[in-house]
*Asks:* 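Shown below is the structure under consideration.
Every heavy atom of this structure was used, including side-chain atoms; hydrogens, water molecules and symmetry mates were not. Each chain gets a letter, A, B and so on, in the order its sequence line appears, and its residues count up from 1.
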Amino acid sequence: MLELKFVRENADVVRKAAADRGLEVPLDDLLELDRRRRALLADVEEKRSRHKKGNREIGELMRGGGDAAALREEMGGLSEEIKSLEAEVDDLDARMRDILVWIPNIPHESVPVGLDETFNREERRWGEPPAFPFQPLPHWELGEQLDILDFQRGVKIAESRFTLLKGTGALLERALVNFMLDLHTREHGYTEVFPPILANEESMFSTGQLPKLKDDMYVCRDDVLYLIPTAEVPVTNIHRGETLREDELPRYYCAYTPCFRREAGTYGKDTKGLIRQHQFNKVEMVKFVHPESSFEELEKLTGNAEEVLRRLGLPYRVVVLSTGDLSFAAAKCYDLEVWLPSYDDYKEISSCSNFTDFQARRADIRFKPAGKGKSRYVHTLNGSGVAIGRTVAAILENYQQDDGSVVVPEVLRPYMHDMEIISI
RNA sequence: GGAGGGGUGGCAGAGCGGACUAAUGCGGUGGUCUUGAAAACCAUUGGCCGGCAACGGCUCGCGGGUUCGAAUCCCGCCCCCUCCGCCA
(Lines give C-alpha, C1' and ligand atoms only; values in the text may rest on other atoms or scores of the structure.)
Protein backbone atom coordinates (compact mmCIF):
# COMPACT_ATOMS: atom_id res chain seq x y z
CA MET A 1 0.00 0.00 0.00
CA LEU A 2 1.21 3.47 -0.80
CA GLU A 3 0.98 6.32 1.66
CA LEU A 4 -2.07 8.49 1.03
CA LYS A 5 0.00 11.65 1.37
CA PHE A 6 2.41 10.36 -1.26
CA VAL A 7 -0.44 9.59 -3.66
CA ARG A 8 -1.94 13.02 -3.05
CA GLU A 9 1.33 14.81 -3.78
CA ASN A 10 2.56 12.56 -6.61
CA ALA A 11 -0.58 11.65 -8.49
CA ASP A 12 1.21 11.69 -11.85
CA VAL A 13 3.92 9.31 -10.63
CA VAL A 14 1.32 6.89 -9.29
CA ARG A 15 -0.72 7.09 -12.46
CA LYS A 16 2.30 6.39 -14.67
CA ALA A 17 3.42 3.51 -12.46
CA ALA A 18 0.02 1.87 -12.77
CA ALA A 19 -0.14 2.54 -16.52
CA ASP A 20 3.31 0.97 -17.03
CA ARG A 21 1.95 -2.14 -15.38
CA GLY A 22 -1.11 -2.09 -17.61
CA LEU A 23 -3.39 -1.14 -14.73
CA GLU A 24 -5.82 1.68 -14.40
CA VAL A 25 -6.59 3.08 -10.98
CA PRO A 26 -9.41 5.54 -10.21
CA LEU A 27 -7.03 8.15 -8.89
CA ASP A 28 -9.29 11.12 -9.51
CA ASP A 29 -12.03 9.49 -7.49
CA LEU A 30 -9.56 8.88 -4.69
CA LEU A 31 -8.30 12.46 -4.67
CA GLU A 32 -11.84 13.83 -4.68
CA LEU A 33 -12.81 11.59 -1.75
CA ASP A 34 -9.66 12.73 0.01
CA ARG A 35 -10.57 16.40 -0.41
CA ARG A 36 -14.06 15.81 0.93
CA ARG A 37 -12.73 13.79 3.84
CA ARG A 38 -10.27 16.42 4.94
CA ALA A 39 -12.89 19.17 4.81
CA LEU A 40 -15.25 17.02 6.84
CA LEU A 41 -12.54 16.13 9.29
CA ALA A 42 -11.79 19.75 10.08
CA ASP A 43 -15.47 20.24 10.88
CA VAL A 44 -15.88 17.13 12.99
CA GLU A 45 -12.72 17.84 14.96
CA GLU A 46 -13.80 21.36 15.77
CA LYS A 47 -17.13 20.02 17.02
CA ARG A 48 -15.43 17.31 19.03
CA SER A 49 -13.24 19.93 20.63
CA ARG A 50 -16.29 21.96 21.69
CA HIS A 51 -18.00 18.80 22.90
CA LYS A 52 -15.08 17.86 25.10
CA LYS A 53 -14.86 21.30 26.63
CA GLY A 54 -18.63 21.40 27.24
CA ASN A 55 -18.61 18.05 28.98
CA ARG A 56 -15.77 19.16 31.18
CA GLU A 57 -17.83 22.21 32.16
CA ILE A 58 -20.79 20.02 33.07
CA GLY A 59 -18.54 18.12 35.41
CA GLU A 60 -17.34 21.31 37.02
CA LEU A 61 -20.88 22.69 37.35
CA MET A 62 -22.10 19.51 39.00
CA ARG A 63 -19.25 19.44 41.43
CA GLY A 64 -19.99 23.04 42.32
CA GLY A 65 -23.69 22.26 42.74
CA GLY A 66 -24.75 24.34 39.71
CA ASP A 67 -27.42 23.64 37.12
CA ALA A 68 -26.10 21.89 34.02
CA ALA A 69 -29.41 21.10 32.35
CA ALA A 70 -29.11 23.62 29.49
CA LEU A 71 -25.53 22.72 28.71
CA ARG A 72 -26.40 19.06 28.90
CA GLU A 73 -29.16 19.59 26.34
CA GLU A 74 -26.76 21.43 24.03
CA MET A 75 -24.07 18.76 24.29
CA GLY A 76 -26.66 16.10 23.52
CA GLY A 77 -27.45 17.82 20.23
CA LEU A 78 -23.77 18.28 19.42
CA SER A 79 -23.16 14.62 20.14
CA GLU A 80 -25.76 13.64 17.54
CA GLU A 81 -24.18 15.92 14.95
CA ILE A 82 -20.75 14.48 15.62
CA LYS A 83 -22.03 10.93 15.29
CA SER A 84 -23.53 11.56 11.90
CA LEU A 85 -20.42 13.40 10.66
CA GLU A 86 -18.24 10.56 11.91
CA ALA A 87 -20.34 8.09 9.98
CA GLU A 88 -19.69 10.12 6.84
CA VAL A 89 -15.95 10.20 7.51
CA ASP A 90 -15.94 6.43 8.11
CA ASP A 91 -17.75 5.92 4.84
CA LEU A 92 -15.20 8.06 2.97
CA ASP A 93 -12.36 6.24 4.71
CA ALA A 94 -13.70 2.89 3.61
CA ARG A 95 -14.20 4.02 0.02
CA MET A 96 -10.68 5.48 -0.13
CA ARG A 97 -9.19 2.36 1.32
CA ASP A 98 -11.01 0.25 -1.26
CA ILE A 99 -9.19 2.21 -3.94
CA LEU A 100 -5.86 2.52 -2.13
CA VAL A 101 -5.41 -1.22 -1.55
CA TRP A 102 -5.65 -1.80 -5.30
CA ILE A 103 -2.91 0.68 -6.19
CA PRO A 104 0.32 -1.19 -7.00
CA ASN A 105 3.81 -0.33 -5.80
CA ILE A 106 5.94 2.12 -7.80
CA PRO A 107 8.47 0.23 -9.95
CA HIS A 108 12.11 1.15 -9.42
CA GLU A 109 13.73 3.30 -12.10
CA SER A 110 15.97 0.41 -13.17
CA VAL A 111 12.96 -1.74 -14.11
CA PRO A 112 12.38 -2.00 -17.87
CA VAL A 113 9.09 -0.45 -18.94
CA GLY A 114 6.80 -2.71 -20.93
CA LEU A 115 3.41 -4.32 -20.66
CA ASP A 116 4.36 -8.00 -20.68
CA GLU A 117 7.15 -10.53 -20.26
CA THR A 118 8.59 -9.82 -23.70
CA PHE A 119 10.06 -6.67 -22.15
CA ASN A 120 11.86 -8.62 -19.43
CA ARG A 121 15.61 -8.12 -19.68
CA GLU A 122 18.14 -10.91 -19.36
CA GLU A 123 20.92 -9.86 -16.97
CA ARG A 124 23.30 -12.82 -17.06
CA ARG A 125 23.67 -16.53 -17.67
CA TRP A 126 25.58 -19.18 -15.79
CA GLY A 127 26.50 -22.68 -16.97
CA GLU A 128 26.04 -24.45 -20.27
CA PRO A 129 22.88 -26.39 -21.13
CA PRO A 130 23.98 -30.03 -21.45
CA ALA A 131 24.41 -31.50 -24.92
CA PHE A 132 23.12 -35.08 -24.73
CA PRO A 133 24.54 -37.71 -27.11
CA PHE A 134 21.16 -39.47 -26.75
CA GLN A 135 17.48 -38.50 -26.68
CA PRO A 136 16.93 -36.98 -23.22
CA LEU A 137 13.72 -37.75 -21.36
CA PRO A 138 11.46 -35.32 -19.56
CA HIS A 139 11.59 -35.62 -15.76
CA TRP A 140 8.09 -37.08 -15.52
CA GLU A 141 9.17 -40.05 -17.64
CA LEU A 142 12.47 -40.43 -15.80
CA GLY A 143 10.70 -40.20 -12.48
CA GLU A 144 8.16 -42.88 -13.34
CA GLN A 145 10.83 -45.21 -14.78
CA LEU A 146 12.88 -44.83 -11.63
CA ASP A 147 9.71 -45.31 -9.56
CA ILE A 148 10.42 -42.18 -7.54
CA LEU A 149 7.55 -40.01 -8.86
CA ASP A 150 3.99 -41.36 -8.84
CA PHE A 151 1.67 -38.94 -10.57
CA GLN A 152 -1.38 -41.20 -10.73
CA ARG A 153 -1.45 -41.97 -7.05
CA GLY A 154 -0.97 -38.29 -6.19
CA VAL A 155 -4.13 -37.63 -8.15
CA LYS A 156 -5.93 -40.50 -6.44
CA ILE A 157 -5.08 -39.17 -2.99
CA ALA A 158 -5.92 -35.53 -3.72
CA GLU A 159 -6.62 -34.40 -7.27
CA SER A 160 -4.71 -33.42 -10.40
CA ARG A 161 -1.48 -31.50 -9.86
CA PHE A 162 -0.64 -33.40 -6.69
CA THR A 163 2.21 -35.89 -6.81
CA LEU A 164 3.45 -38.72 -4.60
CA LEU A 165 7.21 -38.89 -4.12
CA LYS A 166 8.58 -42.33 -3.36
CA GLY A 167 11.82 -43.77 -2.04
CA THR A 168 14.78 -41.90 -3.48
CA GLY A 169 12.40 -39.24 -4.84
CA ALA A 170 11.26 -38.40 -1.34
CA LEU A 171 14.87 -38.55 -0.16
CA LEU A 172 15.99 -36.19 -2.91
CA GLU A 173 13.26 -33.72 -1.97
CA ARG A 174 14.33 -33.83 1.67
CA ALA A 175 18.03 -33.61 0.77
CA LEU A 176 17.41 -30.45 -1.25
CA VAL A 177 15.54 -28.84 1.63
CA ASN A 178 18.38 -29.58 4.01
CA PHE A 179 21.10 -28.55 1.58
CA MET A 180 19.46 -25.19 0.92
CA LEU A 181 18.71 -24.46 4.55
CA ASP A 182 22.26 -25.33 5.55
CA LEU A 183 23.69 -23.08 2.84
CA HIS A 184 21.57 -20.10 3.81
CA THR A 185 21.96 -20.48 7.55
CA ARG A 186 25.64 -21.43 7.67
CA GLU A 187 27.04 -19.33 4.85
CA HIS A 188 24.56 -16.57 4.00
CA GLY A 189 23.65 -15.44 7.51
CA TYR A 190 19.96 -16.34 7.61
CA THR A 191 18.09 -17.47 10.71
CA GLU A 192 16.01 -20.56 10.12
CA VAL A 193 12.36 -20.51 11.14
CA PHE A 194 9.54 -22.97 10.73
CA PRO A 195 6.31 -20.98 10.67
CA PRO A 196 2.62 -21.86 10.66
CA ILE A 197 1.42 -23.10 7.27
CA LEU A 198 -2.02 -21.55 7.76
CA ALA A 199 -2.30 -17.81 8.02
CA ASN A 200 -5.13 -15.44 8.87
CA GLU A 201 -6.60 -12.66 6.76
CA GLU A 202 -4.51 -9.96 8.34
CA SER A 203 -1.31 -11.77 7.45
CA MET A 204 -2.52 -12.39 3.91
CA PHE A 205 -3.41 -8.74 3.53
CA SER A 206 -0.07 -7.53 4.86
CA THR A 207 1.99 -9.22 2.18
CA GLY A 208 -0.49 -8.34 -0.54
CA GLN A 209 -2.12 -11.73 -1.28
CA LEU A 210 -5.44 -10.26 -0.22
CA PRO A 211 -7.53 -8.89 -1.69
CA LYS A 212 -6.02 -9.47 -5.13
CA LEU A 213 -5.16 -13.17 -5.12
CA LYS A 214 -8.06 -14.50 -3.07
CA ASP A 215 -9.14 -16.98 -5.75
CA ASP A 216 -5.65 -18.46 -5.96
CA MET A 217 -5.60 -19.60 -2.35
CA TYR A 218 -6.98 -22.57 -0.47
CA VAL A 219 -9.29 -21.55 2.36
CA CYS A 220 -10.41 -23.50 5.41
CA ARG A 221 -14.12 -24.09 5.55
CA ASP A 222 -14.77 -23.56 9.23
CA ASP A 223 -11.99 -21.15 10.13
CA VAL A 224 -10.89 -17.87 8.56
CA LEU A 225 -7.49 -19.27 7.67
CA TYR A 226 -5.71 -19.72 4.37
CA LEU A 227 -3.07 -22.26 3.35
CA ILE A 228 0.02 -20.23 2.62
CA PRO A 229 0.95 -19.85 -1.06
CA THR A 230 4.53 -19.04 0.00
CA ALA A 231 6.51 -18.78 3.23
CA GLU A 232 6.80 -15.07 2.44
CA VAL A 233 3.43 -14.68 4.17
CA PRO A 234 4.13 -16.12 7.62
CA VAL A 235 7.78 -15.07 7.70
CA THR A 236 7.17 -11.44 6.74
CA ASN A 237 4.38 -11.38 9.31
CA ILE A 238 6.81 -12.38 12.06
CA HIS A 239 7.34 -8.68 12.68
CA ARG A 240 3.87 -7.39 11.83
CA GLY A 241 2.92 -4.48 14.09
CA GLU A 242 6.43 -4.22 15.51
CA THR A 243 8.94 -1.41 15.70
CA LEU A 244 12.49 -2.72 15.49
CA ARG A 245 15.60 -0.93 16.65
CA GLU A 246 17.79 0.38 13.87
CA ASP A 247 20.67 -1.79 15.06
CA GLU A 248 18.45 -4.87 14.63
CA LEU A 249 18.49 -4.30 10.85
CA PRO A 250 19.03 -6.03 8.59
CA ARG A 251 17.30 -9.22 9.69
CA TYR A 252 17.52 -12.31 7.50
CA TYR A 253 15.20 -15.29 7.84
CA CYS A 254 14.87 -18.45 5.83
CA ALA A 255 12.23 -21.11 6.04
CA TYR A 256 11.27 -24.37 4.47
CA THR A 257 7.52 -24.77 4.03
CA PRO A 258 5.06 -26.49 1.78
CA CYS A 259 3.16 -24.00 -0.39
CA PHE A 260 -0.36 -24.28 -1.73
CA ARG A 261 -1.72 -22.61 -4.82
CA ARG A 262 -4.98 -23.20 -6.59
CA GLU A 263 -3.43 -21.77 -9.76
CA ALA A 264 -6.78 -20.47 -10.96
CA GLY A 265 -6.61 -19.69 -14.65
CA THR A 266 -3.58 -21.80 -15.54
CA TYR A 267 -5.45 -24.85 -16.86
CA GLY A 268 -3.58 -26.41 -19.72
CA LYS A 269 -0.25 -24.86 -18.72
CA ASP A 270 2.59 -27.14 -17.63
CA THR A 271 0.21 -30.03 -17.22
CA LYS A 272 2.90 -32.68 -17.05
CA GLY A 273 5.36 -33.32 -14.29
CA LEU A 274 6.36 -31.35 -11.24
CA ILE A 275 6.48 -27.88 -12.74
CA ARG A 276 3.06 -26.63 -11.75
CA GLN A 277 1.61 -28.27 -8.65
CA HIS A 278 -1.07 -27.27 -6.18
CA GLN A 279 1.27 -28.26 -3.37
CA PHE A 280 5.02 -27.79 -3.55
CA ASN A 281 7.93 -27.29 -1.22
CA LYS A 282 10.07 -24.23 -1.15
CA VAL A 283 12.92 -22.73 0.85
CA GLU A 284 12.27 -19.03 1.13
CA MET A 285 14.50 -16.14 2.19
CA VAL A 286 13.00 -13.04 3.76
CA LYS A 287 14.78 -9.83 4.70
CA PHE A 288 13.85 -6.82 6.79
CA VAL A 289 16.27 -4.03 5.91
CA HIS A 290 17.03 -0.35 6.18
CA PRO A 291 15.36 1.67 3.37
CA GLU A 292 18.70 3.03 2.19
CA SER A 293 20.15 -0.39 1.42
CA SER A 294 17.22 -2.37 0.08
CA PHE A 295 18.30 -2.44 -3.55
CA GLU A 296 21.79 -3.61 -2.61
CA GLU A 297 20.14 -6.22 -0.40
CA LEU A 298 18.12 -7.38 -3.40
CA GLU A 299 21.34 -8.02 -5.34
CA LYS A 300 22.72 -10.03 -2.42
CA LEU A 301 19.51 -11.96 -2.01
CA THR A 302 19.45 -12.83 -5.69
CA GLY A 303 23.08 -13.90 -5.40
CA ASN A 304 22.15 -16.20 -2.49
CA ALA A 305 19.53 -17.91 -4.64
CA GLU A 306 21.96 -18.18 -7.57
CA GLU A 307 24.51 -19.84 -5.30
CA VAL A 308 22.06 -22.72 -4.75
CA LEU A 309 21.90 -23.38 -8.48
CA ARG A 310 25.65 -22.98 -8.97
CA ARG A 311 26.45 -25.50 -6.27
CA LEU A 312 23.96 -27.89 -7.77
CA GLY A 313 25.56 -27.32 -11.16
CA LEU A 314 22.31 -26.31 -12.81
CA PRO A 315 22.55 -23.87 -15.75
CA TYR A 316 20.42 -20.80 -15.27
CA ARG A 317 19.87 -17.22 -16.28
CA VAL A 318 18.75 -14.14 -14.39
CA VAL A 319 15.99 -11.96 -15.77
CA VAL A 320 14.77 -8.62 -14.48
CA LEU A 321 10.99 -8.40 -14.81
CA SER A 322 9.45 -5.55 -16.77
CA THR A 323 6.80 -3.30 -15.28
CA GLY A 324 4.02 -5.34 -16.83
CA ASP A 325 5.28 -8.65 -15.42
CA LEU A 326 6.13 -7.32 -11.98
CA SER A 327 3.91 -8.46 -9.12
CA PHE A 328 1.56 -6.01 -7.47
CA ALA A 329 3.57 -5.36 -4.30
CA ALA A 330 7.08 -5.44 -5.80
CA ALA A 331 9.22 -2.49 -6.85
CA LYS A 332 11.78 -4.72 -8.54
CA CYS A 333 12.07 -8.41 -9.16
CA TYR A 334 14.65 -10.81 -10.55
CA ASP A 335 13.54 -14.21 -11.77
CA LEU A 336 16.04 -17.05 -11.78
CA GLU A 337 15.31 -19.44 -14.60
CA VAL A 338 16.83 -22.90 -14.63
CA TRP A 339 17.59 -24.85 -17.80
CA LEU A 340 15.02 -27.57 -18.43
CA PRO A 341 15.84 -29.90 -21.35
CA SER A 342 12.21 -31.04 -21.67
CA TYR A 343 11.15 -27.44 -22.29
CA ASP A 344 14.30 -26.75 -24.32
CA ASP A 345 14.20 -23.47 -22.46
CA TYR A 346 14.81 -21.74 -19.16
CA LYS A 347 12.00 -22.02 -16.59
CA GLU A 348 11.39 -19.91 -13.50
CA ILE A 349 12.72 -21.49 -10.32
CA SER A 350 13.12 -18.47 -8.07
CA SER A 351 11.70 -15.00 -7.80
CA CYS A 352 13.57 -12.38 -5.76
CA SER A 353 11.78 -9.12 -5.00
CA ASN A 354 12.19 -5.85 -3.20
CA PHE A 355 8.85 -4.62 -1.90
CA THR A 356 10.35 -1.41 -0.51
CA ASP A 357 7.94 -0.09 2.15
CA PHE A 358 4.80 -1.40 0.40
CA GLN A 359 4.35 -4.50 2.56
CA ALA A 360 5.83 -2.83 5.62
CA ARG A 361 3.15 -0.16 5.51
CA ARG A 362 0.39 -2.75 5.17
CA ALA A 363 1.95 -4.83 7.92
CA ASP A 364 3.03 -1.86 10.06
CA ILE A 365 6.64 -2.91 10.41
CA ARG A 366 8.89 -0.04 11.39
CA PHE A 367 12.24 0.74 12.86
CA LYS A 368 13.33 3.48 15.23
CA PRO A 369 16.41 5.34 13.99
CA ALA A 370 19.24 5.38 16.51
CA GLY A 371 19.24 8.57 18.54
CA LYS A 372 16.62 11.09 17.46
CA GLY A 373 14.09 10.73 14.73
CA LYS A 374 10.65 9.36 14.00
CA SER A 375 10.19 5.70 13.30
CA ARG A 376 10.15 4.76 9.62
CA TYR A 377 8.95 1.77 7.70
CA VAL A 378 11.50 -0.94 7.01
CA HIS A 379 11.89 -2.38 3.53
CA THR A 380 10.99 -6.04 3.03
CA LEU A 381 12.42 -8.43 0.48
CA ASN A 382 12.00 -12.06 -0.27
CA GLY A 383 13.13 -14.66 -2.71
CA SER A 384 12.85 -18.36 -3.27
CA GLY A 385 16.03 -20.08 -2.35
CA VAL A 386 14.77 -22.07 -4.28
CA ALA A 387 11.61 -23.96 -5.31
CA ILE A 388 12.24 -27.62 -4.46
CA GLY A 389 9.94 -29.39 -6.90
CA ARG A 390 11.32 -27.58 -9.91
CA THR A 391 14.84 -28.29 -8.67
CA VAL A 392 14.04 -32.00 -8.57
CA ALA A 393 12.81 -31.73 -12.15
CA ALA A 394 15.93 -29.83 -13.21
CA ILE A 395 18.28 -32.32 -11.55
CA LEU A 396 16.55 -35.35 -13.08
CA GLU A 397 16.65 -33.81 -16.54
CA ASN A 398 20.09 -32.20 -16.51
CA TYR A 399 21.86 -35.09 -14.76
CA GLN A 400 20.23 -37.96 -16.68
CA GLN A 401 22.32 -40.61 -18.45
CA ASP A 402 21.53 -42.68 -21.49
CA ASP A 403 20.41 -45.66 -19.38
CA GLY A 404 17.77 -43.59 -17.63
CA SER A 405 19.74 -43.27 -14.42
CA VAL A 406 20.49 -39.90 -12.84
CA VAL A 407 23.77 -38.71 -11.34
CA VAL A 408 23.37 -37.14 -7.89
CA PRO A 409 24.98 -33.66 -7.76
CA GLU A 410 28.00 -33.86 -5.51
CA VAL A 411 26.81 -31.35 -2.91
CA LEU A 412 23.70 -33.46 -2.30
CA ARG A 413 25.49 -36.76 -1.67
CA PRO A 414 26.14 -36.11 2.04
CA TYR A 415 22.40 -35.56 2.37
CA MET A 416 21.57 -38.78 0.50
CA HIS A 417 23.58 -41.44 2.28
CA ASP A 418 26.47 -40.80 -0.17
CA MET A 419 24.37 -42.02 -3.06
CA GLU A 420 26.07 -41.20 -6.40
CA ILE A 421 23.49 -42.40 -8.83
CA ILE A 422 19.75 -42.82 -8.82
CA SER A 423 18.92 -45.94 -10.81
CA ILE A 424 16.31 -48.63 -10.95
C1' G B 1 -14.67 -27.81 23.88
C1' G B 2 -16.10 -26.52 29.48
C1' A B 3 -15.20 -23.44 34.16
C1' G B 4 -12.65 -19.40 36.37
C1' G B 5 -9.12 -15.15 36.10
C1' G B 6 -7.01 -11.36 33.08
C1' G B 7 -5.59 -7.81 28.70
C1' U B 8 -3.92 0.01 30.85
C1' G B 9 1.93 4.10 27.93
C1' G B 10 9.01 0.90 26.26
C1' C B 11 8.31 -2.25 30.96
C1' A B 12 6.02 -2.86 35.88
C1' G B 13 1.55 -1.24 37.95
C1' A B 14 -2.76 2.01 40.09
C1' G B 15 -7.43 3.60 38.45
C1' C B 16 -13.37 0.74 38.10
C1' G B 17 -18.88 7.03 35.39
C1' G B 18 -17.07 13.75 35.55
C1' A B 19 -9.21 17.27 37.35
C1' C B 20 -7.76 10.31 33.69
C1' U B 21 -5.58 16.59 30.39
C1' A B 22 -3.90 8.16 32.91
C1' A B 23 -0.99 8.25 39.46
C1' U B 24 3.57 6.01 40.92
C1' G B 25 8.05 3.26 39.99
C1' C B 26 11.63 1.49 36.41
C1' G B 27 13.81 2.44 31.80
C1' G B 28 15.10 6.24 27.87
C1' U B 29 16.66 11.40 26.61
C1' G B 30 18.65 16.32 28.06
C1' G B 31 20.72 19.06 32.06
C1' U B 32 22.93 20.39 37.19
C1' C B 33 26.81 18.57 40.28
C1' U B 34 31.82 15.81 39.29
C1' U B 35 38.72 15.33 37.03
C1' G B 36 35.52 11.28 35.03
C1' A B 37 31.69 8.02 36.30
C1' A B 38 28.00 6.52 39.78
C1' A B 39 24.49 8.46 43.09
C1' A B 40 21.35 12.52 43.92
C1' C B 41 18.47 16.43 41.96
C1' C B 42 15.76 19.13 37.82
C1' A B 43 13.38 18.76 33.20
C1' U B 44 11.55 15.73 29.43
C1' U B 45 9.36 11.06 27.40
C1' G B 46 4.80 6.83 22.59
C1' G B 47 1.95 6.12 17.98
C1' C B 48 -1.56 7.86 14.28
C1' C B 49 -4.65 11.69 11.59
C1' G B 50 -5.68 16.92 9.89
C1' G B 51 -3.03 21.70 9.51
C1' C B 52 2.32 25.98 6.45
C1' A B 53 1.97 26.78 11.54
C1' A B 54 -0.33 27.88 16.11
C1' C B 55 -3.05 24.12 17.38
C1' G B 56 -6.80 20.42 17.25
C1' G B 57 -8.42 15.33 17.09
C1' C B 58 -7.83 9.91 17.81
C1' U B 59 -5.41 6.05 20.75
C1' C B 60 -6.44 2.11 27.98
C1' G B 61 -7.00 -5.82 23.28
C1' C B 62 -10.84 -5.16 18.90
C1' G B 63 -15.95 -3.83 17.44
C1' G B 64 -20.77 -2.14 18.88
C1' G B 65 -24.10 0.04 22.74
C1' U B 66 -25.85 3.07 27.19
C1' U B 67 -24.83 8.33 28.82
C1' C B 68 -24.38 15.35 28.38
C1' G B 69 -19.76 12.51 29.60
C1' A B 70 -16.73 5.65 29.34
C1' A B 71 -10.07 3.07 30.85
C1' U B 72 -14.36 2.62 34.25
C1' C B 73 -21.23 0.16 32.88
C1' C B 74 -23.68 -3.41 29.00
C1' C B 75 -23.26 -6.83 24.51
C1' G B 76 -20.24 -9.49 20.83
C1' C B 77 -15.36 -11.02 19.27
C1' C B 78 -9.97 -11.92 19.76
C1' C B 79 -5.79 -13.11 22.71
C1' C B 80 -3.18 -14.67 27.34
C1' C B 81 -3.08 -17.43 32.20
C1' U B 82 -5.05 -21.51 35.64
C1' C B 83 -7.92 -25.97 36.04
C1' C B 84 -10.84 -29.89 33.46
C1' G B 85 -11.77 -32.66 28.89
C1' C B 86 -9.60 -34.35 24.20
C1' C B 87 -5.10 -35.37 21.66
C1' A B 88 0.28 -36.36 18.38
*Asks:* Looking only at side-chain N and O atoms, does A:Ser79 come under 4.0 Å of OP1 or OP2 in B:G69?
*Replies:*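 A:Ser79 to B:G69 OP1/OP2: side-chain N or O found under 4.0 Å.
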*Asks:* Would you confirm whether the ring centroid of A:His139 sits within less than 6.0 angstrom of the ring centroid of A:Tyr343?
*Replies:*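 No.
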*Asks:* Can you check whether A:Glu306 reaches A:Tyr334 side chain to side chain, under 4.5 Å on heavy atoms?
*Replies:* no
*Asks:* Given atom CG of A:Asp364 and atom C1' of B:U59, what is their separation to the nearest angstrom?
*Replies:*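 In whole Å, B:U59 C1' and A:Asp364 CG are 13 Å from each other.
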*Asks:* Can you tell me which nucleotide in B:G51, B:C48, B:C49 comes closest to the side chain of A:Arg8?
*Replies:* B:G51
*Asks:* I'd like to know if the side chain of A:Asn237 reaches the main chain of A:Val233, judged simply by a donor and an acceptor atom lying under 3.5 Å from each other, with no hydrogens or angles considered.
*Replies:*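 Indeed, once roles are kept as given, a pair shorter than 3.5 Å links the two residues.
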*Asks:* Taking CD from A:Glu9 and P from B:G51, how many angstroms apart are they, rounded to a whole number?
*Replies:* 9 Å
*Asks:* Only pairs with both distances under 3.5 Å count, Watson-Crick or wobble alike; so what is the partner of B:U32 in this structure?
*Replies:*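 Paired with B:A40.
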*Asks:* Considering the options A:Trp102, A:Phe358, A:Phe355, which one meets the ring pair (Phe, Tyr, Trp, His ring centres under 6.0 Å) requirement together with A:Phe328?
*Replies:* A:Phe358
*Asks:* If you measure from the C1' atom in B:U21 to the same atom in B:A40, how many Å do you get, rounded?
*Replies:*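 Their C1' atoms lie roughly 30 Å apart.
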*Asks:* Would you mind telling me which residue lines up with the more 5' stretch of RNA chain B, A:Met62 or A:Asn55, judged by nearest nucleotide?
*Replies:*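 That would be A:Met62.
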*Asks:* Map A:Lys52 and A:Arg37 onto RNA chain B by nearest heavy atom, then report which one ends up closer to the 5' terminus.
*Replies:* A:Arg37
*Asks:* From B:G51, B:G56, B:G47, pick the nucleotide closest to the side chain of A:Arg38?
*Replies:* B:G51
*Asks:* For a quick test of reading the model: is some side-chain N or O of A:Arg366 closer than 4.0 Å to OP1 or OP2 of B:C48?
*Replies:*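 Result: yes.
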